[in-house]
Visitor: 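Handing you a structure now.
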Amino acid sequence: MNAPLPIYLDYAATTPIDPRVAEAMIECLREPELQGNPSSMGHEYGRRARARVEQARAQVAAAVNGRPECIVWTSGATESNNLALLGVARFHADRGKHIVSSKTEHKAVLDALKQLESEGFFVTYLKPGADGIVAPEQVSEALRDDTQLVSLMHVNNEIGIIQDVGAIGRICRERGILFHVDAAQSMGKVGIDVQAMCVDLLSLTAHKSYGPKGVGALYVRRNPPVGLRPLIFGGGQELGLRSGTLPTHQIVGMGLACEIAEREREADVARICALRERLWTGISKLGRVELNGHRTQRVCGVLNVSFHGVEGESLKFALTDLAVSSGSACASASDAPSYVLRALGRSDQLAQSSLRFSLGRFTTEAEIDAAIAAVTREVERLRAIAPATSPAK
Ligand SMILES: *Cc1c(COP(=O)(O)O)cnc(C)c1O
């Protein structure tokens, strides 16, 4: 009954946990002395748990070149994005009600912005170029006297392109406008430096970087402080910005995952880049394939490819040997073509016939070769049976 598992090429949806991280979390769950509430500083159990939480806070802060007191623990990047956008917009509503973002953001940004629109805010959604990049000048041109916030992602989860957040951050800083960056896909793939990038708020998550699911962080600049209205009220943890008992083991896992990601980034990137090149070279031999997103301004692990001459649904059904994704995990429950590829100008049909291969720390050369073989076999088979009148060229 147990069919062999497909090859996992879906690291942009989530990564397997790094065994070193799992080990640290298990130790944390096992040690009686770490079972206290990190907020109960009146006894040794609480203080020992707190020490671990603060160590992890320092690890996450170091990985983004920020100060530990700027890190607020959350349940993941979805919550971080919501806290950043709803929190800033509501706190600063008297400064103006205009926000600038883009059409290719993650749903956790787009849906939070939709909520703000229903509260009377006005959002400009920039349309990136065909390569997925938002030009800094597009941001300058969109700014108005009543703009209070710009929110753009660092690395796009579907196509892997890297936005020039440093240039955009400097524009915002000059104009006194707050800048939020969704960096859920960045850790360990591209350097994150909240100082150099002039970022005021930055969303992180552990599970895209070999850490556990269900924990993340929001970096919030403290000097000068960014005003933020909390979403969750209660015990006043995290300086009142996010009440609730801190999950020590989750936080320890995220801290270590970030430290490893940053320490091993160069080696990881070099190895994964070589594997991605091997995959692209293999797939492009098919002909009539197109790489989606900027050719060079991109992270190593994501390869999003459109296949001409095949029907999207059939392609997805055919590739049972591979755990790949069409669009993002969060949106792929629906069969609608990717809104990211649509925003880049791909037709509905071509967007449907696109696959995102995402590679990571544990991907092997043998897996890449097997993936090339499976894709080649199935695309050739589907093209051979495609009706001659197929509108997909
Ligand atoms: C995965 C992802 C999120 C959501 O993060 P969770 O931790 O799963 O809530 C947000 N933004 C981007 C760009 C992502 O890739």
Side-chain angles (χ1 to χ4, degrees), residues 9-17 21 60 63-64 71-87 101-115 125 128 132-134 151-163 165 168 180-190 192 197 199 201-219 231-232 242 244 247 250-251 253-255 257-258 261 292-293 298-304 324-333 338-341 343 356-360:
L9 289 174
D10 207 9
Y11 281 76
T14 194
T15 59
I17 199 157
V21 172
V60 173
V64 300
I71 300 296
V72 176
W73 300 115
T74 66
S75 61
T78 298
E79 186 187 335
S80 299
N81 286 340
N82 275 267
L83 176 57
L85 297 170
L86 303 177
S101 188
S102 91
K103 289 180 189 293
T104 51
E105 297 300 306
H106 190 272
K107 285 287 181 193
V109 164
L110 294 178
D111 282 3
L113 291 173
K114 208 182 281 174
Q115 173 60 32
Y125 297 94
I133 307 289
V134 173
S151 177
L152 287 169
M153 72 204 315
H154 192 196
V155 173
N156 184 279
N157 50 301
E158 287 196 33
I159 53 176
I161 58 97
I162 305 170
Q163 299 290 2
V165 290
I168 293 164
H180 166 251
V181 171
D182 177 355
Q185 292 281 344
S186 313
M187 185 68 70
K189 285 125 196 150
V190 56
I192 308 173
M197 299 184 331
V199 169
L201 304 114
L202 182 120
S203 300
L204 297 166
T205 188
H207 77 92
K208 305 278 175 65
S209 315
Y210 314 97
K213 294 168 185 65
V215 61
L218 180 65
Y219 163 87
L231 298 177
I232 295 174
R242 208 283 194 167
Q250 297 287 89
I251 288 170
M254 177 160 184
C258 290
N292 291 309
R298 58 192 300 117
V299 293
C300 55
V302 178
L303 190 69
N304 190 312
V324 294
S325 161
S326 48
S328 67
C330 330
S332 61
S338 151
Y339 65 90
V340 172
L341 296 181
R356 177 188 71 183
F357 304 88
S358 50
L359 293 56

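First listed ligand is number 1; within each ligand, the first listed atom is number 1. Quick caveat, the model's predicted, so the values are computed rather than measured. Throughout, numbering of the chain's residues begins at 1 and tracks the sequence.
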Visitor: Main chain of Thr104, side chain of Asn156: is a donor-acceptor contact present, judged purely on distance under 3.5 Å?
Guide: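 Side chain of Asn156 to backbone of Thr104, a donor-acceptor pair under 3.5 Å: yes, one is there.
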Visitor: Treating Asn304 as the side-chain partner and Asn292 as the backbone partner, does any N or O pair qualify as donor plus acceptor under 3.5 Å?
Guide: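 Side chain of Asn304 to backbone of Asn292, a donor-acceptor pair under 3.5 Å: no, none is there.
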Visitor: Would you kindly specify which portion of Lys213 sits under 4.0 Å from ligand 1, judged on non-hydrogen atoms: side chain, backbone, both or neither?
Guide: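 Lys213 to ligand 1: no contact under 4.0 Å from either part.
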Visitor: Compare Gln185, Lys208, Glu158 and give the one whose heavy atom is closest to atom 2 (C) of ligand 1.
Guide: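 Considering heavy atoms of Gln185, Lys208, Glu158, the nearest to atom 2 (C) of ligand 1 sits in Lys208.
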Visitor: If you count the atoms of ligand 1 from 1 in the order shown, which ones are under 4.0 Å from a heavy atom of Met153?
Guide: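 In order of numbering, the contacting atoms are 13 (C).
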Visitor: By number and element, which atoms of ligand 1 are closer than 4.0 Å to a non-hydrogen atom of Thr78?
Guide: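 Near Thr78, meaning under 4.0 Å from one of its heavy atoms, ligand 1 has 4 (C), 5 (O), 6 (P), 9 (O).
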Visitor: Which of the atoms of ligand 1 are close to Gly76, meaning less than 4.0 Å from one of its heavy atoms?
Guide: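 Counting atoms of ligand 1 from 1, those under 4.0 Å from Gly76 are 7 (O).
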Visitor: Mind checking salt bridge (charged side-chain N to carboxylate O under 4.0 Å, His left out) for Lys114 and listing every partner two or more places apart, or none if nothing turns up?
Guide: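 For Lys114 the salt bridge (charged side-chain N to carboxylate O under 4.0 Å, His left out) partners, ignoring immediate neighbours, are Asp111.
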Visitor: Any atoms of ligand 1 less than 4.0 Å from a non-hydrogen atom of His207? List them with their elements.
Guide: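 Counting from 1, the qualifying ligand atoms are 6 (P), 7 (O), 8 (O).
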Visitor: I'd like to know if the side chain of Ser75 reaches the main chain of Val215, judged simply by a donor and an acceptor atom lying under 3.5 Å from each other, with no hydrogens or angles considered.
Guide: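 Here the side-chain-to-backbone pair does not exist.
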Visitor: Which option, Asn81, Asp182, Thr74, owns the non-hydrogen atom nearest atom 13 (C) of ligand 1?
Guide: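 Of the listed residues, Asp182 has the closest heavy atom.
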Visitor: Below the 3.5 angstrom mark, is there an N/O of Ala77, backbone or side chain, next to an N/O of ligand 1?
Guide: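 By distance alone, the answer is yes.
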Visitor: If you take all heavy atoms of Gln163 and Met153, which pair is closest and at what distance?
Guide: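 Scanning both residues, the minimum pair turns out to be CG-O, 3.2 Å.
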